[in-house]
Amino acid sequence: MDWNPQTLQFLSETFLHTLSPAPEPRRRAESALSEASDRPNFALAVLRLIAEPSVDDQIRQAAAVNFKNHLRLRWSPSSDEAAATIIDSEKAQIKALIVPLMLSASPKIQSQLSEALALISNHDFPKSWPDLLPELVANLKNASQASDYASVNGILGTANSIFKKFRFQYKTNDLLLDLKYCLDNFAAPLLEIFLKTASLIDSSANSGVILRPLFESQRLCCRIFYSLNFQELPEFFEDHMKEWMTEFRKYLTASYPALEGSGPDGVAVVDELRAAVCENINLYMEKNEEEFQGFLNDFALAVWTLLGNVSQLSSRDRLAITAIKFLTTVSTSVHHALFAGEGVIPQICQGIVIPNVRLRDDDEELFEFNYIEFIRRDMEGSDLDTRRRIACELLKGIAMHYGDAVRSIVSAQIQILLSSFAANPRENWKDKDCAIYLVVSLATKKAGSSYVSTELVDVQSFFESVIVPELQSPDVNGFPILKAGALKFFTMFRAQISKHVVLRFFQDLVRFLAAESNVVHSYAASCIEKLLLVKDEGGRARYTSEDITPIFPVLMNNLFNSLKFPESEENQYIMKCIMRVLGVADISVDVARICIEGLASLLGEVCKNPKNPVFNHYIFESVAILVKRACERDLSLISIFEASLFPRLEVILANGVTEFFPYTFQLLAQLVELNRPPIPPIYMQIFEILLSPDSWERGANVPALVRLLQAFLQKAPNEISQGDRLTKVLGIFDKLIKTKSTSEQGFYVLNTVIENLQYDVIKPYISHIWAALFSVLQQSRTVKLIKSLLIFMSLFLIKHGASNVVDSMNSVQPGIFIVIMNQFWIPNLKLITGAIELKLTAIASTRLICESPVLLDPAASESWAKMVDSIITLLSRPEQDRVEEDPDMPDITENVGYTATFVRLHNAGKKEEDPLKDIRDPREFFVASLSRLSALSPGRYPKVISENVDPANQTALLQLCNTYNLQIV
């Protein structure tokens, strides 16, 4: 695209039309830009348009956004993106123009060009753009001399974007070389502009207008400081630490009335700089404690004093949080003695912790108007960056070294709060909320379990005196935040509250499902769900169907009704509770009928517009557990389930609700498996859809389709043997086996064919099967593929005999069996894992050496002995001693297709079947088979074993013989 007046006019008009409120001109303009973007020098032309002062500012701004997005797609597109890369000559011109243009642009355009420059630097800097940093430094010097802080801040903002990579990337030699280059070129100019700006701030303290850009400059300097110091302490910064720290401390201790007195915006400017300083000193405290210790006392006092003056306004949260984080880091360090002084911990508790833990108006608004975010922060622990949580983290940090003092002070504070509430419950309800929050947040969780404990209060008595009154309150809608806190406590300490106490309040939990507050009925559902997971010693469930039978009808009614509340139509906590209850309760015919109608109705609704993947998953899990448990009790119920589910599943398939395809196929597989042969004709109609190649195109469907295909092979082998169905099934196997990401699924199909169809049926196809497997084996010899091959050959041998395995392989290529056995079976047998797989392959290998004429031939003695050696390794050595780390590197691009979107239904999972139920112990089978074989040719096999089997395995074989009182003669 040449730069001329016509290009200028075309781009100006087109970008203007992209801003049109009318959809048609906007669509035409976007289409024209999309077409033009494929032409060489398009990005350069857009950049020149941005530089054209005669063009309207809003057009240039739209062009700047387009330029940035164009670079994101085309500067260095990934292999799976269709966009063409910008040519090198165009790139060179863009890099030559962008810095001066960015510095001269208006603020809105400057921010877009700064982002564009950062995008380029992510790929090219410093190796392919060595001029960038010297150019930025030269411009920074010129802007500084002119006191042009619009340009200074533009340059610092760009440098900040470029240097951010040092915070996030893993430390490598290449990264450290890039860091050294940046430090050599930028550390000194950074300090120079920082100190100059500090001096200007000191001399301009009375002018808010002058101070604003200066404070923004210092904030950017602090963010660059953070990036350049993140990996390790650079020598330059260590040498000049005093200059940096002197200014840092000043910003925490000095006041700036010209800004702070000018309203919330002015306070925010100062707070942002102070928060950046706190992050820097926290970084030094975490990573450079020894070098920083000389400054620590002054900073601890400064931060502590600062926190006493930070109001509870949400606009000041970031400063409060970063300041408290710094004190928390100090409290867990070797310098914790700073907190040992008399009266320090009480002051922290009363002056910092309690004010920041108290509920604020913002918290109440969040509770009422955004319950999902409230729960995410409050119950799910994503609130590490909230004042409430970070204040409690500070207490936990101090308690690491001063536990008794913290417990004593906090316990007393809790009693003061509860007394205040008791004196005037209506006015002082937030005091009780604060007390409950302190107990819950300071509780400690036992590693690897759900058991939670606290030394602040006696859990049972606190529950009875503080929590129970909330649970028994007749008004489920009164003081909802207190109700939510009580339910959270109940949930948190569920394992410690004895069963007979909990059962007294089960009905109250069910009542709270009818609360209007989304948080309250969500917490009630979560509490019930978590209680049903509690295990006693020995892993036995504490609560069984007997415990919920008395309340079951009203429980299910309230759960389904709670999904009718506004904003809770797709409440994942309610749905998860329904799933959990159905997994525990007794499912009668009437219950099954009501529940499946309720679930099918919900399924019909979410099919119209799937929005919440977690909610949707629990619907399908609930259906699966209901079908599973009800049919375990009464198989005749399957017709009720089919009548309710089939119309909804048909809608999913007919309307292309692709998100639900994998779930649908798994449910259908579950229903097929529950049917007794012959399966109803409607299923065979589904089977025809299953055989269509189109069904297998979408990778996310593959595991679920394989699961469904396996179900048909198990339940309808005769029907599948008719016509060309088996040919199509093996065509699916052929397609799956050739792709690395689905080859394992191909073996699942093949194994099920071998296991469930008669040999006469599969005999005409067996040559094709071997040829396909040998072809794949030539192209790829991954551990996973070889293990899958061994399991298939073992299953084939167990089901259809050793001679059929050997003969069918040799019919494809004479003598191929012995080659495959020596090259793949014998060396890789030791890699087999899984109890059923180990048993299968060990017994199949044993039968091979005891039944196959090929191996019983004296000429094959060495191969026979090597197989014996491999079997002994498999059976006698623990898994970690014989299986190395899987060396196969996963192919991310192949796997991401379906592994990211396929979600297995736990309750519709395929039950693993042992094809060798009659044989209990594969070790005994192996030794007994060898003993019988040796008795037919006394003296022959001990000699072969002694000459060819590893000495350690000979010893292991002797021990196995002694264990089972057998001998090899």
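Everything quoted here is computed from the prediction, not taken from an experiment.
- One finds no salt bridge joining K787 and E837 here, because no Lys/Arg side-chain nitrogen approaches an Asp/Glu carboxylate oxygen to under 4.0 Å.
- With L848 as the fixed residue, the side-chain contact (heavy atoms from CB on, under 4.5 Å) test singles out one of I871, V805, L856, L855: L855.
- Residues K165 and D178 are paired through a salt bridge, judged by an N-O separation under 4.0 Å between the basic side chain and the carboxylate.
- Between K715 and E673 no salt bridge is recorded (no basic side-chain N to carboxylate O distance below 4.0 Å).
- In the model, Y964 has a side-chain atom that pairs as donor or acceptor with a side-chain atom of D921 under 3.5 Å.
- A salt bridge is absent between K91 and D124; no separation between the charged side-chain nitrogens and carboxylate oxygens falls under 4.0 Å.
- In summary, K628 and E621 do not engage in a salt bridge, as defined by a charged side-chain N under 4.0 Å from a carboxylate O.
- Contact annotation: the side chain of T664 never approaches that of L667 to less than 4.5 Å [non-hydrogen atoms, C-beta and beyond].
- Taking every heavy atom of both residues into account, S721 and L757 meet most closely at OG-CD2, 4.1 Å.
- Nearest heavy atoms, S695 versus N701: O-ND2, 3.7 Å.
- Checked against the 6.0 Å centroid threshold, W770 and F792 count as a close aromatic pair.
- For H123, the NE2 atom is densely surrounded, since the number of other residues' heavy atoms within 6.0 Å is greater than 12.
- Between E688 and R725 there is a salt bridge, with a side-chain nitrogen of the basic residue lying less than 4.0 Å from a carboxylate oxygen of the acidic one.
- Note: F230 and F168 fail the aromatic proximity criterion, with ring centroids not under 6.0 Å apart.
- Counting heavy atoms of neighbouring residues, nucleotides and ligands inside a 6.0 Å radius, atom CD of E632 exceeds 12 of them.
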* To do: Evaluate the side-chain hydrogen bond (donor to acceptor under 3.5 Å, both in side chains) criterion for residues N756 and Q714: first the C-alpha distance (whole Å), next the side-chain angles of each, then the deciding distance (0.1 Å), finally the verdict.
  => CA-CA 6 Å; N756 292 280; Q714 288 167 328; 5.2 Å; no
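- For the atom pair CD (E232) and NZ (K171), the distance works out to 4.5 Å, reported to the nearest 0.5 Å.
- Look at R74 and D38 and you find a salt bridge, because one of the NZ, NE, NH1 or NH2 atoms lies within 4.0 Å of a carboxylate O, short of that distance.
- Between T873 and L829, the closest side-chain pair of non-hydrogen atoms is not below 4.5 Å.
- When each of I737, D734, V729, I754 is checked for a side-chain contact (heavy atoms from CB on, under 4.5 Å) with V749, only V729 meets the rule.
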